[in-house]
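Inspection log for the structure reproduced underneath, given as structure tokens.
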Amino acid sequence: MSSALTASGDPVPQPTGSAPAARRAEQPGAASGEQTRAAKRPVTRTVDADPLGGTVRRTVLPNGMRILTEAVPAMRSVTFGIWVGVGSRDEAPQLGGASHFLEHLLFKGTRKRSALDISAQIEAVGGETNAYTAKEYTCYYARVLDEDLPLAIDVMCDAVADSVLAEADVETERGVILEEIAMHADEPGDEVHDLHAEVLYGDHPLGRLISGTTETITPMTRKQINSFYRRRYTPPVIVVAAAGNLDHATVVKLVQQSFAGTPLGDDAPAAEPEPTRSHLHRVKHRPAGTLVREDDTEQAHLVLGGPALHRHDDRRFALGVLNNVLGGGMSSRLFQQVREKRGLAYSVYSYTSQYAEAGSFAVYAGCAPAKADEVLALIRQELADAAAHGITAEELRRGKGMLKGSLVLGLEDTGSRMSRLGKGELLHGDLMSVDELLRRIDAVTLDDVNHIAAKILTVPMSLAVVGPFEDSAFTL
């Protein structure tokens with residue numbers, strides 16, 4: 001999965017082959033301080049007026065919840081999302097997978113709606129709902145026609161704020177999640193990335209499975225999940241984001257109405273929005289090592305990589321360019337050398353993962369087991385060459401063009417625009433305009449990229465392998 005930058009400046013995995021400057025949004029604490037002094041009134045600001053999109057507005061409610069919208073009148077759809085700044089890294093070891101378990105359960109019924117009501121009401125208007133859990137957040141969203149936005153807001157707010165977590169539903173979803181864990185274990189091309197995170201971060205929460213394990217999911221009780229739900233899902237950690245043909249004031253009013261009478265309503269204590277996760281206390285990576293999971297697969301699945309940049313590091317734009325040059329598409333060095341010239345693998349790509357205070361750069365390849373050593377040697381050779389000699393001016397131009405193209409083309413639908421708002425606010429505490437992001441990419445120089453290459457490609461790298469091998473089959 002090669003990495004391109006999202007509109008919030010984060011790299012996102014993608015398959016291989018795949019305005020005026022904005023005013024900086026106020027820091028979370030500052031806006032909330034204003035509204036607390038203003039007798040518990042919402043505080044609204046215009047964050048951005050982007051010619052590539054629409055007007056972005058931000059409201060901070062007295063309880064610390066943030067609501068961001070991007071009005072795009074030319075579209076006839078709206079995507080509405082609720083972002084919760086709680087993910088798998090926030091779980092105690094014995095509660096591994098609680099965030100993901102809860103994500104499943106919130107669609108199983110509230111005091112007003114059954115699970116069938118939640119899905120049927122949205123599907124009856126041609127809409128769709130979904131959710132996903134990440135290591136640092138959880139997102140619930142619905143995409144509907146613009147005229148059906150009030151329904152989507154009511155259904156989604158009801159599900160997130162007022163789920164009953166019935167005991168029978170806990171048992172049903174426990175079985176579903178255990179099957180999901182088993183299914184994931186049967187997908188070695190996915191599992192190898194989790195193994196690489198484990199070998200990088202060890203027992204740190206960033207090294208654990210988002211889904212949890214059979215050992216943590218099996219004994220988890222309804223009481224534990226409900227306690228996690230009510231302790232963690234509070235207004236200050238929630239960002240509501242919507243994009244499409246909408247009116248900001250109307251969205252704010254509907255959200256307040258839909259949350260009324262729930263723990264996320266205006267009756268919640270006055271509070272400031274939760275600050276973004278600090279990057280000052282760096283996560284300690286484990287010493288470089290090798291982790292092999294023996295499996296009778298037709299292919300060897302390999303991930304080689306090491307520590308890189310956290311998401312607040314301004315050098316992430318240079319790293320994005322380097323990533324594209326090395327393994328971001330069919331013209332990348334790794335694709336050309338490993339697949340096109342030698343035919344050693346069908347799939348080979350590089351990618352980055354970035355968190356608040358940690359990050360990594362890695363290369364994946366899937367190949368015949370007998371060719372694994374040759375493929376690894378070639379990957380190491382390409383990385384060493386880039387570290388020693390850097391990239392060319394032509395590669396710089398192409399890498400920057402790929403980043404800019406993926407950024408702009410990725411904003412062609414309301415869902416991606418909604419994600420831009422949610423991630424920008426929740427992960428960065430502000431929203432960088434599209435034009436500013438493009439300027440930051442354009443400003444990347446050859447020296448910037450070559451410096452990053454020399455820094456991150458020379459550190460000892462860890463290896464994760466899934467395939468028909470014994471533990472001692474590989475050495476660093």
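Keep in mind it's a predicted model, so treat the numbers as computed, not measured.
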- Would you check, one step at a time, whether the test side chain to side chain contact (heavy atoms under 4.5 Å, CB included) holds for M418 with E70? CA-CA 8 Å; M418 181 278 293; E70 181 173 12; over 6 Å; no
- Query: Short question: side chain of H310, backbone of H312 - any donor-acceptor pair under 3.5 Å?
  - Reply: yes
- Which class fits the ring pair F107 and Y140: parallel under 30°, tilted 30 to 60°, perpendicular over 60°? tilted
- Begin from the C-alpha positions of K455 and R315 and carry the test side chain to side chain contact (heavy atoms under 4.5 Å, CB included) through to its verdict. CA-CA 11 Å; K455 178 179 178 63; R315 297 173 297 173; 3.6 Å; yes
- Presence of salt bridge, E374 and K371, under 4.0 angstrom: no
- Which is it for V237 and T234 under the side chain to side chain contact (heavy atoms under 4.5 Å, CB included) test, yes or no, and what are the steps along the way? CA-CA 6 Å; V237 303; T234 60; 4.0 Å; yes
- For Y132, does the OH atom sit with more than 12 other heavy atoms under 6.0 Å from it, leaving out its own atoms? yes
- Task: Look at the rings of H100 and H104 and say which category their plane angle falls in: under 30° parallel, 30 to 60° tilted, over 60° perpendicular.
- Result: perpendicular
- Check: F469 ring centre within less than 6.0 Å of F474 ring centre: yes
- Query: Short question: side chain of E357, backbone of V283 - any donor-acceptor pair under 3.5 Å?
  - Reply: no
- Item | Heavy-atom pair of closest approach, residues L206 and A358 | CD1-CB, 4.1 Å
- Please check if atom CD in E394 has more than 12 non-hydrogen atoms from other residues, nucleotides or ligands closer than 6.0 Å. yes
- Chi angles and distances behind the side chain to side chain donor-acceptor pair (under 3.5 Å) call for H184, D194: CA-CA 10 Å; H184 184 72; D194 291 328; 2.5 Å; yes
- Run the ring-centre check on H193 versus Y351 and record whether the distance is less than 6.0 Å. yes
- Could you tell me which non-hydrogen atom of R333 sits nearest to which non-hydrogen atom of I391, and how far apart they are? NH2-CA, 3.6 Å
- Item | Flag, side chain of R232 to backbone of D90, donor-acceptor distance under 3.5 Å | yes
- Which atom pair, heavy atoms only, marks the closest approach of A300 to A372? CB-CB, 4.2 Å
- Closest non-hydrogen atom pair between V444 and V449, with its separation: CG1-CG2, 3.5 Å
- Message: If we count only N and O atoms by modelled type, under 3.5 Å, do the side chains of H196 and S462 hold a donor and an acceptor together?
- Response: no
- Task: Enter the distance from N323:CG to L334:CG here, rounded to the nearest 0.5 Å.
- Result: 9.5 Å
- Query: Does the Q336 side chain pair with the main chain of M330, one donor and one acceptor, at a distance under 3.5 Å?
  - Reply: yes
- Message: Using only atom types and a distance under 3.5 Å, with no angle test, would you say the side chain of R420 pairs donor to acceptor with the backbone of M432?
- Response: yes
- Task: Assess whether side chain to side chain contact (heavy atoms under 4.5 Å, CB included) is satisfied between D148 and L145, documenting all intermediate values.
- Result: CA-CA 5 Å; D148 298 312; L145 299 179; 3.7 Å; yes
- Task: Would you name the heavy atoms of V199 and L463 that are closest together and state the gap between them?
- Result: CG1-O, 4.5 Å
- Test item: S353 side-chain N/O and S360 main-chain N/O as donor-acceptor pair under 3.5 Å: no
- Message: Checking the side chain of R311 only, and the main-chain atoms of L427 only, is there a donor and an acceptor separated by less than 3.5 Å?
- Response: yes
- Item | Check: R339 side chain, Y346 main-chain N or O, donor-acceptor pair, under 3.5 Å | yes
- Query: Quick check: does any side chain N or O of R66 sit under 3.5 Å from a backbone N or O of V60, one acting as donor and the other as acceptor?
  - Reply: no
- Heavy-atom pair of closest approach, residues T297 and G467: OG1-CA, 3.3 Å
- Message: Please report the interatomic distance OG(S88) to CD(E103), rounded to the nearest 0.5 Å.
- Response: 11.5 Å
- Message: More than 12 heavy atoms of other residues, nucleotides or ligands under 6.0 Å from CZ of R76: yes or no?
- Response: no
- Just how far is it from atom CD of E136 to atom OG of S99, taken to the nearest 0.5 Å? 11.5 Å
- Query: Side chain of R208, backbone of D203: donor and acceptor closer than 3.5 Å?
  - Reply: yes
- Measure up the W83 and Y137 rings against each other and bin them: parallel (under 30°), tilted (30 to 60°), perpendicular (over 60°). tilted
